[in-house]
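These notes concern the structure reproduced below.
Note that this is a predicted model, so its numbers are computed, not measured. Heavy atoms only: backbone and side chains are in, while hydrogens, waters and symmetry mates are out.
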2 protein chains.
Amino acid sequence: MLAAFRRVAEAGFEGLRLRQVAEDVGIDHSTLHHHFATKQDLVLAVAEYATRQFWVLGDGPPDPARALREHLAGLRRMLDERPELFVVTVELDLRARRDPAVDDALRRHEAGWREVLSDVLTAGNAAGAWAAPLDVAVTTELVIATAKGVRLAPAAAGPVFAQLEAMVIGDRGEQP
Amino acid sequence: MLAAFRRVAEAGFEGLRLRQVAEDVGIDHSTLHHHFATKQDLVLAVAEYATRQFWVLGDGPPDPARALREHLAGLRRMLDERPELFVVTVELDLRARRDPAVDDALRRHEAGWREVLSDVLTAGNAAGAWAAPLDVAVTTELVIATAKGVRLAPAAAGPVFAQLEAMVIGDRGEQP
DNA sequence: TCCACTCCACCAACCACTTGGTTGAGGCTA
DNA sequence: TAGCCTCAACCAAGTGGTTGGTGGAGTGGA
């Protein structure tokens with residue numbers, strides 16, 4: 001339910017009230033229970049919805065350097081256009097510590113992300129696209145950590161990602 | 001109040017209950033109100049306490065490369081020994097979006113951190129301690145973002161920080 | 001066409017329980 | 001006595017969740 005997502009973005013899971021969500025949609029809160037048996041079900045729906053939004057970040061072009069650049073550019077664009085999406089992600093990260101179902105959803109999502117990055121970095125190693133050969137696993141984690149770190153600071157994302165690119169790809173010909 | 005901090009670490013602000021905190025300390029919840037007029041005051045105390053814990057990360061040695069390494073090593077050590085501290089920090093980051101007082105406390109804390117990093121990076125530029133001259137402001141943000149990104153994944157911190165060091169300092173003689 | 005009959009989305013009222021916060025009446029020490 | 005610290009009892013305002021029931025859109029048979 002989109003309304004629930006918006007509520008979480010605004011007030012966090014701490015402020016998620018079934019009655020409020022129901023009112024946003026214009027129905028009674030008991031009717032909401034008709035669609036989501038428990039609050040937990042609603043939370044899970046929000047988690048699934050939020051993670052699904054990242055599917056738009058597809059595989060990208062075959063050239064590893066371009067693929068990495070576009071991946072980061074995609075993230076930055078989403079961060080600019082839909083900052084709430086990332087806020088909810090942080091909220092979910094926190095909730096995953098106490099909620100196995102959310103943890104599971106998030107884990108699957110992150111595994112997909114990790115795979116995309118690993119593939120790009122591996123391809124880049126093979127093609128000699130990076131400034132220096134990279135430890136794929138660790139660099140994947142570095143990129144993920146950096147991305148997670150700017151989730152609540154959209155303004156910082158641009159420069160930070162640029163710097164990260166520069167360090168990974170090196171200074172060889174920026175945008176061709 | 002330490003008990004409150006522990007509660008936040010366990011259950012988040014979402015699960016922070018005055019009665020529970022009071023019980024942890026062994027007093028009545030109304031007595032708690034005698035020490036903290038409102039819940040908000042307690043939350044603020046937790047915020048102040050949490051940020052104060054990072055004061056142990058002092059200036060470090062004069063040599064920039066060593067200073068950076070020790071700074072990251074210090075963070076990693078804290079992350080290993082007191083992961084809850086970082087969890088609460090994330091929780092605070094989120095809460096700061098809705099709570100100006102928390103936002104203020106966090107902003108001051110982050111300003112201090114930013115200054116330490118900026119100083120080290122600037123000194124490193126002057127001494128030619130880095131692999132290449134750095135944009136101090138952006139690199140500061142990069143380090144902060146990375147650190148924030150691993151707050152909920154202590155295991156990743158070690159390798160990620162090592163990689164970050166390698167990229168900033170270059171491969172010139174690891175630990176002397 | 002009419003008549004059950006079944007779904008489905010919906011709501012008002014209610015329930016048991018929890019929340020943060022208040023009050024007034026003691027106790028303890030100085 | 002004065003000034004804290006403590007507590008039990010209480011309160012109003014919610015909380016998630018349940019219940020019994022309403023009305024309309026379909027469906028099948030006669």
Side-chain angles (χ1 to χ4, degrees), chain A residues 1-50 84 87-88 90-106, chain B residues 1-50 84 87-88 90-106:
Chain A
M1 207 56 106
L2 274 182
F5 171 81
R6 275 191 290 266
R7 278 290 156 195
V8 174
E10 269 181 42
F13 284 109
E14 184 183 355
L16 184 64
R17 299 288 173 260
L18 295 187
R19 281 173 161 85
Q20 184 69 61
V21 172
E23 189 186 325
D24 291 353
V25 189
I27 60 175
D28 190 84
H29 86 111
S30 59
T31 305
L32 193 60
H33 276 290
H34 199 78
H35 301 274
F36 301 93
T38 73
K39 188 179 186 179
Q40 163 75 358
D41 288 347
L42 218 201
V43 168
L44 215 60
V46 170
E48 303 279 3
Y49 169 81
E84 355 76 53
V87 172
V88 172
V90 179
E91 209 87 48
L92 285 168
D93 258 354
L94 237 21
R95 197 180 180 89
R97 295 173 45 81
R98 300 158 222 139
D99 186 333
V102 170
D103 188 48
D104 193 59
L106 237 55
Chain B
M1 206 57 102
L2 274 181
F5 170 80
R6 275 191 289 267
R7 278 291 156 194
V8 174
E10 269 180 41
F13 284 108
E14 183 182 356
L16 183 63
R17 299 289 175 259
L18 296 186
R19 280 172 161 84
Q20 184 69 65
V21 173
E23 189 186 326
D24 290 353
V25 189
I27 61 177
D28 190 84
H29 86 110
S30 59
T31 304
L32 193 61
H33 276 288
H34 201 79
H35 301 275
F36 301 93
T38 74
K39 187 180 187 178
Q40 163 76 356
D41 289 347
L42 219 201
V43 168
L44 217 60
V46 170
E48 303 279 3
Y49 169 81
E84 354 77 50
V87 172
V88 172
V90 179
E91 210 88 46
L92 285 169
D93 259 354
L94 237 22
R95 197 180 180 88
R97 294 172 47 81
R98 299 158 223 139
D99 186 334
V102 170
D103 187 49
D104 193 60
L106 236 55

Whole angstroms only, please: what is the [atom1]-[atom2] distance between [X] and [N]?
X        : N       : atom1 : atom2 : result
Asp28(B) : dG21(C) : CG    : C1'   : 12 Å
His35(A) : dA9(C)  : NE2   : C1'   : 6 Å
Ile27(A) : dC11(C) : CD1   : P     : 7 Å
Gln20(A) : dA13(D) : CD    : C1'   : 15 Å
His33(A) : dG17(D) : NE2   : C1'   : 5 Å
Glu14(B) : dG16(D) : CD    : P     : 10 Å
Leu18(B) : dT22(C) : CG    : P     : 11 Å
Lys39(A) : dT18(C) : NZ    : P     : 15 Å

Any heavy-atom pair between the side chains of [Y] and [X] that's under 4.5 Å?
X         : Y         : result
Asp99(B)  : Asp103(B) : no
Leu16(A)  : Glu14(B)  : no
Leu106(A) : Arg95(A)  : no

### Residue met sooner reading DNA chain C from 5', once His29(A) and Gln40(B) are mapped to nucleotides
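The 5'-side residue here is His29(A).
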
## Note on the structure
Taking for Arg19(A) and for His34(A) the nucleotide of DNA chain C with the nearest heavy atom, the one nearer the 5' end belongs to His34(A)

Of all the choices, [options], which nucleotide is nearest to the side chain of [X] once you look at every atom?
X        : options                   : result
Thr31(B) : dT6(D), dA8(D), dG17(D)   : dT6(D)
Thr38(A) : dC7(D), dG20(C), dG17(D)  : dG17(D)
Ser30(A) : dG20(C), dC11(C), dC10(C) : dC11(C)
Arg17(B) : dT19(C), dG16(D), dC10(C) : dT19(C)

### Query
Salt bridge or not for Glu91(A) and Arg98(B), using N-O below 4.0 Å?
yes

### Message
Go through it in stages, so that I can follow the logic: the residues are Phe36(A) and Val43(A), the test is side-chain contact (heavy atoms from CB on, under 4.5 Å), and I'd like the CA-CA distance, side-chain angles, deciding distance and then a yes or no.
### Response
CA-CA 9 Å; Phe36(A) 301 93; Val43(A) 168; over 6 Å; no

